[in-house]
**Student:** 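Please read through the structure below; I'll follow up with questions.
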Number of protein chains: 2
Amino acid sequence: MSSAKRSDSESDLTARARIRDAAIECFGQHGFDVTVRAIAEQAGVSPGLVIHHFGSKDGLRRACDDHVLGLINDLKKETITSHDSQTLLHQLASMEEYAPYVAYLFRSVQTGGGFAVSFYERMVTDIERYLAAGEAEGTVRPSRDPAKRARYLAANAVGAMLLRVTLHPPGQKADFARLLREWSEEYALPALELYTEGLLTERTMLDAYLLYVSDPPEESG
Amino acid sequence: MSSAKRSDSESDLTARARIRDAAIECFGQHGFDVTVRAIAEQAGVSPGLVIHHFGSKDGLRRACDDHVLGLINDLKKETITSHDSQTLLHQLASMEEYAPYVAYLFRSVQTGGGFAVSFYERMVTDIERYLAAGEAEGTVRPSRDPAKRARYLAANAVGAMLLRVTLHPPGQKADFARLLREWSEEYALPALELYTEGLLTERTMLDAYLLYVSDPPEESG
DNA sequence: CAATAGCTTAAACGCGCGTTCAGTCACCTG
DNA sequence: CAGGTGACTGAACGCGCGTTTAAGCTATTG
């Protein structure tokens with residue numbers, strides 16, 4: 001379904017594909033409130049044709065979701081063997097030709113909805129696998145609850161980027177690869193401090209919590 | 001400016017104030033795309049009156065920003081002496097009568113813009129002070145760059161909550177106090193693990209980075 | 001009481017949106 | 001060549017939005 005046509009150069013694509021690509025670009029750059037007219041103009045067609053092919057603006061959005069999902073799946077299958085230590089988003093962002101799709105994904109997460117949730121869940125399990133590998137390798141400390149740790153770290157990492165993009169929206173041609181790189185450089189020090197030395201000097205809070213969960217007090221009310 | 005009238009009970013307020021409060025409630029619950037008509041209905045007035053008092057929908061939004069900002073300032077002045085260890089947002093959320101304002105702030109951050117940025121910057125310095133206090137007290141490890149650490153931790157904390165609210169939007173009467181509490185309980189373990197034990201088993205990455213910044217390699221290109 | 005000023009409303013305006021529709025064109029099929 | 005099918009367009013429709021406008025109501029003032 002997603003592996004049919006795979007050419008580019010913009011004009012030898014079927015109009016339907018051109019509209020879909022234009023929509024992904026517009027949605028990613030300006031959010032899902034872009035007008036159908038703007039998408040049509042970007043694709044070089046009339047607004048009516050957009051609806052003719054996708055039924056409605058919502059149908060177009062679903063088609064975009066499906067297409068991006070297909071690309072992700074294809075990418076995953078390709079890189080499942082090459083055991084690189086990069087997370088899904090970094091993989092995507094590092095490839096320049098995938099820029100519009102990364103922007104689309106950011107915008108999806110920013111907007112919320114089912115597609116964003118499923119993509120985020122994918123990242124969570126991605127990070128969980130990544131941490132488990134590090135654990136097996138001996139570089140990552142074992143956790144008392146690896147799943148929750150992965151979820152916690154994922155929420156922090158993705159949330160921080162989401163906040164950044166929301167408060168300081170990038171310009172027209174958003175280079176998310178650069179954005180992720182700059183983020184990593186900017187906060188490498190506090191991140192590495194936190195990851196290797198922790199934040200607290202004593203373990204009293206953790207020990208108290210562990211004692212608490214092993215022997216919880218009675219619930220009142 | 002924000003300390004003039006301070007009564008409630010909804011009907012003895014001036015219409016202007018009633019509209020403003022209704023707008024804060026609507027904006028917080030449904031986002032800034034709520035219609036002026038919906039706000040007017042919530043306030044029990046006609047749509048025209050809303051524009052009559054605030055000039056435009058944007059003017060109404062600015063008035064809401066100013067009002068919430070005023071409340072925050074008042075709250076800060078009150079609790080500046082009581083040196084509690086709670087961050088600004090937790091203080092707000094812990095007071096039930098402030099619920100609409102917390103929802104409004106969440107929605108502001110979610111939407112972006114100048115007001116959201118200034119509020120977030122406030123949280124950053126808030127957390128920086130909080131960390132510095134812990135450092136002086138001996139419970140928080142000193143950092144090689146406290147400002148950046150504060151910014152990093154703030155981005156993670158706020159971003160994670162933003163992501164949560166975006167992907168799993170709360171129902172009609174959003175209880176953000178409960179939401180923050182549930183979040184803390186849910187991820188107490190991985191957070192405490194990370195904060196007291198760190199994530200990595202070796203300090204090679206941190207040491208390599210420290211070496212790198214003290215003697216950076218030549219930039220090529 | 002008459003007059004003025006401000007609060008308030010119902011109705012409507014203008015605009016931009018998603019969508020529909022009638023019709024044109026190109027291309028297959030027999 | 002006749003006929004039909006689907007891509008495609010330009011124009012329009014209908015709707016909901018923010019906003020405007022004219023008029024009514026109330027209260028204060030001389």
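Sequence lines set the chain letters: A, B, ... in the order given, protein chains first and strands last, and positions in each chain run from 1.
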**Student:** Shoot me the first and last contacting nucleotide of DNA chain C against chain B, ordered 5' to 3', at under 4.0 angstrom to non-hydrogen atoms.
**Tutor:** C:dC7 to C:dA12
**Student:** Is a salt bridge present between B:Arg149 and B:Glu135, judged by a nitrogen-to-oxygen distance below 4.0 Å?
**Tutor:** yes
**Student:** Say you draw a straight line from CG of A:Leu60 to CZ of A:Arg16; how long is it, rounded to the nearest 0.5 Å?
**Tutor:**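 A:Leu60 CG to A:Arg16 CZ: 9.0 Å, rounded to 0.5 Å.
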**Student:** Rounded to the nearest 0.5 Å, what's the gap from CG on A:Leu180 to CZ on A:Phe176? Could you check?
**Tutor:**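 Answer rounded to 0.5 Å: 8.5 Å.
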**Student:** Is a salt bridge present between A:Asp66 and A:Arg20, judged by a nitrogen-to-oxygen distance below 4.0 Å?
**Tutor:**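 No.
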**Student:** Indicate whether any N or O donor in one side chain lies under 3.5 Å from an N or O acceptor in the other, for A:Arg122 and A:Asn73.
**Tutor:** yes
**Student:** Scan residues 49-59 of chain A against DNA chain C and write down, sorted by residue number, each residue with any heavy atom closer than 4.0 Å; if none is found, say none.
**Tutor:** A:Ile51, A:Ser56, A:Lys57
**Student:** Pairs under 3.5 angstrom only: tabulate donor-acceptor contacts from the side chains of residues 162-170 of chain B to other protein residues two or more places apart or in another chain.
**Tutor:**
residue: B:Thr166; atom: OG1; partner: B:Gln110; partner atom: NE2; Å: 2.9
residue: B:Thr166; atom: OG1; partner: B:Leu162; partner atom: O; Å: 2.7

**Student:** If a pair satisfies side-chain hydrogen bond (donor to acceptor under 3.5 Å, both in side chains) and one of its residues is in residues 23-39 of chain A, list it, with sequence neighbours excluded.
**Tutor:** A:Glu25-A:Lys173
**Student:** Residues two or more places apart in sequence or in another chain: which of them pass side chain to side chain contact (heavy atoms under 4.5 Å, CB included) with A:Arg178?
**Tutor:**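 Per chain and number, A:Arg178 pairs via side chain to side chain contact (heavy atoms under 4.5 Å, CB included) with A:Asp175, A:Arg181, A:Glu182.
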**Student:** Let me confirm one number: the OG-NE2 distance from B:Ser46 to B:His52, rounded to the nearest 0.5 Å.
**Tutor:**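 Interatomic distance, B:Ser46 OG to B:His52 NE2, rounded to 0.5 Å: 10.0 Å.
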**Student:** Looking at B:Tyr104 versus B:Phe32, is the centre-to-centre ring distance below 6.0 Å?
**Tutor:** yes
**Student:** Can you list, in residue-number order, the parts of residues 31-41 of chain B that come under 4.0 Å of DNA chain D, counting heavy atoms only?
**Tutor:** B:Val34, B:Thr35, B:Val36, B:Arg37
